[in-house]
Amino acid sequence: YQLDETTQSSINQNVNYYYTLDEDNIFAFEAQHLYRDEDPFYNSILEDKENYKPTADALGLDPDQQDYNIAQDRRIKSNQLDAKLDYYHIINPKSNINLTFGTILSNQQFQSDLFQFLDDGTEFFPTPTFNDGLASNDVEYRFRDIYLGAHYRLKVGKFTITPGLSIHSYGNNNTQFGVDFKDNFFRLMPDFETRIQFKNSESLTFRYDMRNRFTDVTKLAKGLVLNDFSSIQFGEPELQNALSHNLSLLYTSFNLFNYTNVFGRIAYTKNIDQIRNITFFENVINTSTFFNSNFADETATAFGRIQRTFGKVIASFNLNLNYSNINQFIDARRSINTGFTQSYTPGVRTNFKKAPNVSLKYNYRVSTNNQGTNETTFYTSAPSIDFDAYIWNSVTVRSDYTYTRQTLKGGNTGDFQTWNASIAYRKDRDAKWEYEIVATNLLDIDSKLTNTATNLFVSQSQIFIQPRFLSFRLRYEI
């Protein structure tokens, strides 16, 4: 038995102001304030005391109970203000300067308590035999980023070049168990963009920027945090920021003569001092903490789409490639995890205004994950068909069907089908009322198979699906 529930409230406020002093000088101000209050509660009842005993002993639980009934209360309050003022000076029709002054101010408060419900209904607060006996948290985390940036844009022929530089004053401070942890520093952050405009509808854009990445309060908290009964974490209050270098190349082309659209993007990211977790296993129970890795992680992605219209038929082809090279640490041993995913999706659909429309797609995906000595490959194929029709100027009929087949190389194969449909009636397009019948899971399948490979494990799971379900919906538009 497991219960994981969250009560959450948030208030988001925005303000934007623009002022044109004259045709060459423009000011823009924007600010956003976010307040969020989260109250997650987790409870798990473990009847198999024998297999959980090593973990229960480490957590300091009371063994003289009918079962292990463990729970954790958490409270996270977040306040963040983002504000910046931009000044634009138009030098001439081909060049301008942009100056930016801004700040990010954040405050997070995190409290948690790990406890055990005893058979007599009382609560027992254990003392773990590890992590210096810290099972609770009361942390306040304050973050500050004050920055000043400058960008110069110049257009020369087909080229538009925009170099930029910003200087940041960062401040990190977290307080827990009566101790303050502080980190204040300055950093210069360059960025660069250049765009080649071959035609009005065809361009190639290159971007580079450097980014600082900071963690949140849950990874700084020294006390235990129960993700679930089999996953326990504790934080590191002296975590530093991570630094990333990001490059991308974007190509777009829209041809109105032969109705051909082409879009392509490749991107590369290198993360330095990345915040990584180090994991320790006790049977299937894992305990994790965090640190700044000295080893760089890399990711590369490529996406492409080509679409062409032939009369009332639109043909398309999508391509997705993802590569990652990540350092992982299990039981204090470093290994390199590499992953490569390929996805190919040809499709064709009709584009009639009055006649029914049909869309046919076929998705084929290959995902390979290399975890040092183990290599796992999943193959997924998923043909699908969508149908929609607007008839008698009042009735809309929709239906979608997908057949998915998943294969683990050297392992099991599973497949499942999904079919949904709906029919809606609206007297005319201007009518306020609409009546709709929606049918979900028409084939009444029980579950679908999901194969997953992460940097820690390879798993095969079943997701149980709600049985065939019919609903009637009534909609009124004001």
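Side-chain atoms of Thr194 and Phe159, non-hydrogen and from C-beta on, do get closer than 4.5 Å to each other. At a threshold of 4.5 Å between non-hydrogen side-chain atoms, the residues Tyr323 and Thr338 count as touching. Phe143 places a side-chain heavy atom less than 4.5 Å from the side chain of Ile104. When side chains are defined from C-beta on, Glu236 does not count as touching Phe291, because their heavy atoms never get closer than 4.5 Å. Annotation: side chain of Arg74 is in contact with side chain of Phe110 (closest heavy-atom distance under 4.5 Å). Put simply, the side chain of Tyr403 reaches to within 4.5 Å of the side chain of Asp415, judged on heavy atoms.
More than 12 heavy atoms of other residues, nucleotides or ligands sit less than 6.0 Å from atom CG of Leu3. In Asn200, the CG atom is not crowded: 12 or fewer heavy atoms of neighbouring residues, nucleotides or ligands sit closer than 6.0 Å. Crowding of Phe198 atom CZ: a count of heavy atoms from other residues, nucleotides or ligands under 6.0 Å exceeding 12. By the 6.0 Å contact criterion, CD on Glu23 is open, its count of non-hydrogen atoms from other residues, nucleotides or ligands being 12 or less. A 6.0 Å sphere centred on OH of Tyr259 holds no more than 12 heavy atoms belonging to other residues, nucleotides or ligands. Counting non-hydrogen atoms of neighbouring residues, nucleotides and ligands closer than 6.0 angstrom, the CZ atom of Phe472 exceeds 12 such neighbours.
If you check the side chains of Tyr88 and Asn25, you find no donor sitting under 3.5 Å from an acceptor. Between the side chains of Asp228 and Ser231, no donor N or O sits under 3.5 Å from an acceptor N or O. A side-chain N or O of Tyr141 and one of Asn172 form a donor-acceptor pair less than 3.5 Å apart. Remark: the Asn286 side chain and the Thr279 side chain contain no N/O donor-acceptor pair separated by less than 3.5 Å. Looking at His245 and Tyr208, their side chains do bring a donor and an acceptor atom within 3.5 Å of each other. Side chains of Asn255 and Thr260: no donor on one and acceptor on the other come within 3.5 Å. In summary, the side chains of His33 and Asp82 do not present any donor paired with an acceptor at a separation below 3.5 Å, with no hydrogens or angles considered.
The cationic atom of Arg334 (NZ for Lys, CZ for Arg) lies less than 6.0 Å from the six-membered ring centre of Phe295 and within 45° of the ring axis.
Between the side chain of Asn420 and the main chain of Asn441, a donor-acceptor pair closer than 3.5 Å is present. The closest donor-acceptor contact from the side chain of Tyr42 to the backbone of Phe229 lies under 3.5 Å. For the pair Asn79 (side chain) and Tyr35 (backbone), a donor-acceptor distance under 3.5 Å is absent. Counting only distance, with no hydrogens or angles, the side chain of Thr350 and the backbone of Val358 share a donor-acceptor pair below 3.5 Å.
Under 4.0 Å is where a charged nitrogen must lie from a carboxylate oxygen, and between Asp297 and Lys270 no such pair does. Salt-bridge check for Glu436 with Arg426: failed, with every basic side-chain N at 4.0 Å or more from each acidic carboxylate O. A salt bridge is defined here as a Lys NZ or Arg NE, NH1 or NH2 lying under 4.0 Å from an Asp or Glu carboxylate O, and Asp400 with Arg398 fails to meet this definition.
When each of Arg213, Glu298, Arg276 is checked for a side-chain contact (heavy atoms from CB on, under 4.5 Å) with Asn271, only Arg213 meets the rule.
The OG atom of Ser335 lies 9.5 Å from the CG atom of Asn370; values are rounded to the nearest 0.5 Å. For the atom pair CG (Asn246) and CE (Met210), the distance works out to 9.5 Å, reported to the nearest 0.5 Å. To the nearest 0.5 Å, atom OG of residue Ser166 and atom CZ of residue Arg187 are 11.5 Å apart. The OG atom of Ser248 sits 5.5 Å away from atom CZ of Arg207, with the distance rounded to the nearest 0.5 Å.
Among pairs with a residue in residues 359-386, none fulfils salt bridge (Lys or Arg N to Asp or Glu O under 4.0 Å), at least two apart in sequence or across chains.
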Using the ring pair (Phe, Tyr, Trp, His ring centres under 6.0 Å) rule, take Phe29 and Tyr17 through it: C-alpha gap first, then chi angles, then the decisive distance, then the call. CA-CA 5 Å; Phe29 174 77; Tyr17 180 75; 8.1 Å; no

